[in-house]
Asks: 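Structure incoming, see below.
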Amino acid sequence: MRIDRADLYQITMPLVSPFETSGWVKTHEERILVALHSNGVIGWGEFAGDGPWYSYETIEVAWHIIQEYLVPMLMGRQVKATTMQYAPVEAPWDVRNRFAPVRGYPIAKHAVESAVWDLWAKQQGLSLAQAFARCPQFAPGAGRETGDRVAVGVSVGIQKSIPALVDRVGGYLTDGYRRIKIKIKPGYDIDAVTALRQAYPDIALQVDANSVYQLSDAPTFQAMDPYNLLLIEQPLSYDDIPEHAKLQAQLKTPICLDESIHTADNARWAIELQSCRIINIKPGRLGGYTEAIEVHDVCQQHGLPVWCGGMLETGVGRAGNVALASLPNFKLPGDISASRRYYHQDIVEPEFVLNDDSTLSVPTGLGIGVEVQMDRLAKHCDRQATV
Ligand code: OSB
Ligand code: MG
């Protein structure tokens, strides 16, 4: 695959409503879009980082790493101080090895790797979901049958009060979402869950702490056990695996790891130590779709269900998440809501809309299966560069 040119766009997108977690609050999202050109075909990828909150990767640092290292390495240019010999990559699943000498920066790597997947799928005449089905298997018997709709829910940020939360959740239920995740923090946890269970006794409900608690907070989570939550997401530190095992041993509710799982090896260790019973897969956090598919396969092999997390992606990243979630071990609804839950207007057409059964349809067109609208991109663009 010869890459002729790469265009980078930095954009700022206002959110429909502020998104608050235990660690940060956002009113706008900054994004980098990567467009790789090859023989007149364009492959798109998105850097949906943030930070340095959820991850250390800020927009400035990602721009630098993508422009000065990742794209040149992909194009086969010599990069300062590397010893590698570069041939063009043949398949998208080879990109992670190409990027392996660069330590860290998984979200930046994903932005470039995902553009290669899109480009390759378009060149092969495949949708992204079909392209994922061609990925080599990373564990015995890994399933590759993809569905045409994926179950989704909504991730609800911290609200000003518990009654405001109950209202907000009611709004999303009316919109048709059948799985609700709420962000929690100390002082806004058991009360929030109790109030939601009183108002909506039977809804599928889960919580996400974004790493703000400690093992000594185990009683808080034990107090949630009677509420029949689907899972408790990332209660402890963002790199921790062993202490989550100690917490899981004290709980009936499954722990789901998000921030702690950066690689397929991390997933293997977490399974081995019984740190969690469910894993959240985000291709950005994992450095790309290939690593994400490996985590999918490893979990499938061990009977651990996975689901697709989100980072408030625009339609570019969202399309990839939907395609990924169509793989068979994605057994729980994803944080992949409709475009309008996040943005007044998405930058792609068609936008993602919620089906009656709380699903999104998996695009069937070539590659990501949605078209980036260049006029909308231009409207939001703060910076552009060409490599
Ligand atoms: O922890 O899952 C998370 C958004 C940004 C960063 C981290 C997280 C989130 C969400 C939102 O929960 C999920 C979405 O995209 O709807
Ligand atoms: Mg999370």
Side-chain angles (χ1 to χ4, degrees), residues 13 15-31 46-59 62 106-107 110 150-159 165 168-169 172 175 177 179-185 189 205-213 229-240 244 254-262 270 276 278-286 292 295 306-322 324-325 332-343 346 352 354 358 360:
M13 301 276 289
L15 288 167
V16 167
S17 56
F19 188 73
E20 182 168 344
T21 75
S22 60
W24 67 92
V25 56
K26 302 299 297 284
T27 55
H28 293 72
E29 290 292 346
E30 288 184 309
R31 296 287 178 248
E46 176 174 354
F47 172 85
D50 195 272
W53 321 121
Y54 173 77
S55 149
Y56 59 85
E57 291 178 83
T58 65
I59 209 95
I107 311 179
H110 168 58
V150 301
V152 303
V154 63
S155 172
V156 186
I158 290 169
Q159 305 296 311
L165 171 67
R168 178 57 68 99
V169 167
Y172 288 128
D175 290 344
Y177 291 103
R179 187 282 265 152
I180 301 291
K181 157 171 144 181
I182 62 161
K183 296 290 191 182
I184 56 167
K185 64 176 180 182
D189 41 35
L205 183 64
Q206 63 194 57
V207 297
D208 186 0
N210 288 108
S211 298
V212 81
Y213 293 89
L229 300 179
L230 286 173
L231 57 91
I232 296 167
E233 185 176 343
Q234 195 70 34
L236 308 181
S237 181
Y238 63 89
D239 260 346
D240 171 77
H244 277 100
I255 289 178
C256 168
L257 291 180
D258 174 355
E259 281 91 329
S260 290
I261 306 297
H262 306 280
C276 62
I278 297 169
I279 287 180
N280 164 319
I281 289 186
K282 286 181 191 167
R285 195 193 68 229
L286 293 162
V295 173
V306 301
W307 58 284
C308 187
M311 299 198 288
L312 315 174
E313 288 85 352
T314 72
V316 171
R318 190 162 308 282
N321 287 349
V322 172
L324 190 64
L332 293 159
D335 277 350
I336 327 174
S337 312
S339 301
R340 290 291 163 99
R341 178 259 175 275
Y342 309 95
Y343 301 110
D346 206 336
F352 286 90
L354 191 69
S358 192
L360 293 190

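Every heavy atom of this structure was used, including side-chain atoms; hydrogens, water molecules and symmetry mates were not. Just so you know, ligand 1 is whichever comes first in the structure, and atom 1 is the first atom listed for that ligand.
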Asks: If I take the Mg ion (ligand 2) as the centre, what angle separates the OD2 atom of D258 from the OD2 atom of D208? Nearest 10 degrees is fine.
Replies: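 If I round to 10°, I get 180°.
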
Asks: Run down the list K26, K282, R318 and name the one with the heavy atom closest to atom 8 (C) of ligand 1.
Replies: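 Comparing heavy atoms across K26, K282, R318, the nearest one to atom 8 (C) of ligand 1 lies in K282.
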
Asks: Any nitrogen or oxygen of R341, side chain or backbone, less than 3.5 Å from one on ligand 1?
Replies: no

Asks: Quick one: does F19 get a heavy atom under 4.0 Å from ligand 1?
Replies: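 Judged by the 4.0 Å heavy-atom criterion, F19 does count as contacting ligand 1.
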
Asks: Would you check the N or O atoms of L312, main chain and side chain alike, for any that come under 3.5 Å of an N or O of ligand 1?
Replies: yes

Asks: Got a donor-acceptor contact below 3.5 angstrom from the N210 side chain to the T21 backbone?
Replies: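 No, the answer is negative, given that no donor and acceptor are paired below the 3.5 Å cut-off.
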
Asks: With no hydrogens and no angle check, is any side-chain donor or acceptor of Y342 less than 3.5 Å from a backbone partner on S17?
Replies: no

Asks: Hey, which atoms in ligand 1 end up nearer than 4.0 Å to a heavy atom of M311?
Replies: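 The atoms of ligand 1 under 4.0 Å from a heavy atom of M311 are 4 (C), 5 (C), 15 (O).
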
Asks: Would R318 and D335 pass as an ion pair if we require N to O under 4.0 Å?
Replies: no

Asks: Quick one: closest heavy-atom pair of S337 and G153, and the distance?
Replies: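 Smallest interatomic distance, heavy atoms only, reads OG-O, 2.9 Å.
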
Asks: Can you pull out the closest protein heavy atom to atom 4 (C) of ligand 1? Residue, atom name and distance to 0.1 Å, please.
Replies: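 For atom 4 (C) of ligand 1, the nearest protein heavy atom comes out as G310 O, 3.6 Å.
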
Asks: Taking all non-hydrogen atoms of both residues into account, name the closest pair between V322 and I336 and its distance.
Replies: CG2-CG2, 3.7 Å

Asks: Where the side chain of Q234 meets the backbone of E259, is there a donor-acceptor pair that is under 3.5 Å apart?
Replies: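 Checking the backbone N and O of E259 against the side chain of Q234, a donor-acceptor pair under 3.5 Å is found.
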
Asks: Under 4.0 Å, heavy atoms only, figure out whether ligand 1 is touched by the backbone of D208, its side chain, both or neither.
Replies: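 It is the side chain that gets close, since no backbone atom is under 4.0 Å.
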
Asks: Before giving the answer on side-chain contact (heavy atoms from CB on, under 4.5 Å), spell out for Y343 and L15 the whole-Å C-alpha distance, their side-chain angles and the decisive distance to 0.1 Å.
Replies: CA-CA 5 Å; Y343 301 110; L15 288 167; 3.7 Å; yes

Asks: For the Mg ion (ligand 2), find the closest N/O/S atom belonging to E233 and write down its atom name.
Replies: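 It is OE2, the N, O or S atom of E233 closest to the Mg ion (ligand 2).
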
Asks: For atom 1 (O) of ligand 1, grab the closest protein heavy atom and report residue, atom and distance to one decimal in Å.
Replies: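 Its nearest protein heavy-atom neighbour is N210 ND2, 2.7 Å.
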
Asks: Does any N/O atom on K181 come nearer than 3.5 Å to any N/O atom on ligand 1?
Replies: yes

Asks: So if I count the atoms of ligand 1 from 1 in the order they appear, which ones are less than 4.0 Å from some heavy atom of E233?
Replies: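 Here the atoms of ligand 1 in question are 2 (O).
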
Asks: For R285 and N280, indicate whether the former's side chain and the latter's backbone hold a donor-acceptor pair under 3.5 Å.
Replies: yes

Asks: Return a yes/no value for Y342: is any of its N or O atoms, backbone included, closer than 3.5 angstrom to an N or O of ligand 1?
Replies: yes

Asks: Look only at the side chain of D240 and the backbone of H244, and say whether a donor-acceptor pair between them is shorter than 3.5 Å.
Replies: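 Confirmed, D240 side chain pairs with H244 backbone.
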
Asks: Quick check: D258 and ligand 1, any N/O pair under 3.5 Å apart?
Replies: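 Right, the criterion is met.
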
Asks: What are the atoms of ligand 1, with element, lying closer than 4.0 Å to any heavy atom of W24?
Replies: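 Those atoms are 6 (C).
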
Asks: Using distance alone, determine whether S337 and ligand 1 share an N or O pair under 3.5 Å.
Replies: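 No, S337 has no N/O under 3.5 Å of an N/O on ligand 1.
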
Asks: Does the side chain of V316 reach to within under 4.5 Å of the side chain of R31, using non-hydrogen atoms?
Replies: no

